[in-house]
Amino acid sequence: MDLRPEEISSIIKQQIKNYENKTSDSETGTVITVGDGIATAFGLENCMANELLTFERGEYGMAMNLEESTVSIVLLTNSDSIREGTRVHRTGRVVSVPVGEQLLGRIVDALGNPIDGKGPHGCTESRPIEREAPGIIKRKSVSVPLQTGIKAIDAMVPIGRGQRELIIGDRQTGKTTVAIDTILNQRDTGVICVYVAIGQKNSTVAQLAETLRAAGADAYTIIVSASASEMAPLQYIAPYAGCAMAEYFMEQGKDVLIVYDDLTKHAVAYRALSLLIRRPPGREAYPGDVFYLHSRLLERAARVSPEYGGGSITALPIIETQAGDVSAYIPTNVISITDGQIYLESELFHAGVIPAVNPGISVSRVGGSAQVKAMKKIAGRLKLIYSQYRELQAFSQFGSDLDADTKARLAQGERIVEILKQDKSAPVPVEYQVAVIYAAIGGLLDNVPVSAVREYEKGLREYLRTREYELMSRIRESGNLTDEDNKLLGEALAAYTASFLGDR
């Protein structure tokens, strides 16, 4: 189509009039050194801390040290093709991970990529891994119980939704088992679980995933894995990634349980990174900000007020000690950040007391406000009686002539220890915990041989399930033990005990 000169002139004038000066803010730098998973780049003057950076062939890195003329970048993907002179580009956003319901039942890496062979997860939203913790105004006091299904913990060291309870102990004392049993016990409670495996073997994570699947717990659980074979930067960001995924559900008003297994390996990964990027080492070669490393992570666990969403994140960080030394640098740091600790003792574990919870050192700073009222009423004296038994047991080894009161306390303590023993992956509903602890505290087990206590407990659960179903249902649903129910429970326990002793 032919255009007249005046038409061409008017089109040009219109374009000039409507011209918009569109420029894209793209900053590019150049790698000047690379090695040990760390690259140093020049030319990224406006780079942000924790910003995601891309290299020429699609590799990813995260900005860590922002110096006057250079930026230290930790590499999040394979660095074989990165050389001196390689171009690096800013993305303008901090490192983020995908979040959403689609992640439930999946195993993902520290960047949120699926590694379970089930294909893409299909998440459309993403969240930055680092985020400011809820302030005091947004928080609500911790008062709703989070049942672990473990008698020794629910009775003596109660955990509430929104609490941070440290699980601490030497290698091979059952720390992960406590966390996994707690996840299994959240079935049908509406609590969503996130398990973060830091520096674990891939075979261990696969075995754990199979345990969850077999119990039907995978449907409400996300596993974030940064295995021992992966680079230190991925082990460093894994817990923050898991926390970002948990916060998505918390903002929808849901309750979330997150397990960090374990933060000792997390601190070691951060120490390796820090030394490589020339941050000055301090005590035990950890950098000065290693406390902040864990505090900014664990402070994100909270119970939020209803006007801000009403959800909660309960954190169970795990710390490994060396020869029971809880006064080492990283253990003391995390103890001071959390709201209590469950201390698992090697001696108890090797003596067959599983879970090996030490009642003296283990504590919940939230206290009975996060405990089911029925349990609080029954188990109020349990921790004291158990602790006294441990003291008397040590004393009685040196004395042969014991008075009747001491013998009675030792006998009751032995039966309490048997009652608190529990098999792996076998969480106990709270109403049955109340019943069996009632029997132990109330002296109903005094005539039951110690070797028969486990058999007694097993039979008691079956007896209550079939004969006292309504009573057990009331205790479970109300969480309380009225005077009438207390009387009925006492009568039921007495009847069963008489029957049990009569059959022997």
Side-chain angles (χ1 to χ4, degrees), residues 96-106 108 112 121 123-149 154 158-167 179 182-196 212 217-224 238-261 294-317 337-340 364-367 369-372 430 477 479:
S96 303
V97 289
V99 296
E101 305 273 350
Q102 298 92 330
L103 290 173
L104 295 174
R106 302 300 302 269
V108 297
H121 45 59
C123 291
T124 55
E125 285 189 59
S126 64
R127 294 278 170 92
I129 60 168
E130 295 271 14
R131 186 181 171 192
E132 194 174 336
I136 296 295
I137 302 299
K138 290 185 178 180
R139 291 177 185 253
K140 197 173 189 302
S141 62
V142 176
S143 58
V144 180
L146 183 121
Q147 296 296 328
T148 65
D154 289 343
I159 299 172
R161 296 185 184 184
Q163 190 174 342
R164 300 154 301 178
E165 185 77 8
L166 172 63
I167 301 171
T182 305
I183 291 175
L184 297 180
N185 198 52
Q186 303 316 307
R187 188 174 179 179
D188 301 324
T189 63
V191 176
I192 287 162
C193 302
V194 180
Y195 177 85
V196 184
L212 295 178
D218 58 334
Y220 56 84
T221 306
I222 303 167
I223 297 176
V224 181
Y240 300 102
C243 194
M245 295 170 190
E247 282 171 339
Y248 168 83
F249 295 104
M250 181 178 74
E251 289 174 2
Q252 294 180 337
K254 296 179 181 178
D255 294 308
V256 188
L257 169 69
I258 186 163
V259 176
Y260 303 112
D261 190 7
H294 290 148
S295 66
R296 72 177 191 264
L297 171 68
L298 294 170
E299 287 294 336
R300 289 162 72 177
R303 184 175 173 218
V304 181
S305 299
E307 55 267 34
Y308 296 100
S312 72
I313 293 178
T314 308
L316 295 181
I337 297 164
T338 49
D339 306 312
S364 173
R365 297 192 188 100
V366 171
S369 59
Q371 194 170 25
V372 173
V430 68
E477 289 164 12

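Computed over heavy atoms, backbone and side chain alike; hydrogens, waters and symmetry mates excluded. Model, not experiment: these values are computed from the prediction.
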I need the [X] [atom1] to [Y] [atom2] distance, nearest 0.5 Å.
| X | Y | atom1 | atom2 | answer |
| --- | --- | --- | --- | --- |
| Ile129 | Arg127 | CD1 | CZ | 14.0 Å |
| Ile223 | Leu212 | CD1 | CG | 5.0 Å |
| Arg131 | Glu247 | CZ | CD | 4.5 Å |
| Ile183 | Asn185 | CD1 | CG | 11.0 Å |
| Leu298 | Ile337 | CG | CD1 | 5.5 Å |
| Ser364 | Ile159 | OG | CD1 | 7.0 Å |

Regarding [X] and [Y], does a basic nitrogen lie under 4.0 Å from an acidic carboxylate oxygen?
| X | Y | result |
| --- | --- | --- |
| Glu130 | Arg296 | yes |
| Glu165 | Arg365 | no |
| Asp255 | Arg161 | yes |

[X] and [Y]: which non-hydrogen atoms are nearest, and at how many Å?
| X | Y | answer |
| --- | --- | --- |
| Pro128 | Arg300 | O-NH2, 4.5 Å |
| Tyr248 | Glu101 | CE2-N, 4.0 Å |
| Ala179 | Val259 | CB-CG1, 3.6 Å |
| Cys243 | Leu297 | CB-CD1, 4.1 Å |
| Met245 | Gly112 | CE-CA, 4.2 Å |
| Val191 | Tyr220 | O-CD1, 3.7 Å |

Side chains of [X] and [Y]: does their closest heavy-atom pair fall under 4.5 Å?
| X | Y | result |
| --- | --- | --- |
| Tyr195 | Asp261 | yes |
| Arg106 | Ile222 | no |
| Tyr260 | Ile167 | no |

Practice item. Examine distances only and state if a side-chain atom of Thr314 and a backbone atom of Gly162 form a donor-acceptor pair shorter than 3.5 Å. Key: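 Such a contact is found between Thr314 side chain and Gly162 backbone.
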Practice item. Could you tell me whether a side-chain N or O of Thr221 sits under 3.5 Å from a main-chain N or O of Asp218, the two making a donor and an acceptor? Key: no
Looking at [options], which hits side chain to side chain contact (heavy atoms under 4.5 Å, CB included) with [X]?
| X | options | value |
| --- | --- | --- |
| Lys140 | Pro134, Ser312, Ser305 | Ser305 |
| Ile313 | Val194, Ile258, Val304 | Ile258 |
| Arg164 | Thr338, Leu316, Val142 | Thr338 |

Check your understanding: Counting only heavy atoms not in Glu307, do more than 12 fall under 6.0 Å of its CD?
Key -> yes
Review point. Should Ser143 and Arg303 be marked as a side-chain hydrogen bond (donor to acceptor under 3.5 Å, both in side chains) after you check the CA-CA gap, both sets of side-chain angles, and the distance that decides it?
Key: CA-CA 9 Å; Ser143 58; Arg303 184 175 173 218; 2.9 Å; yes
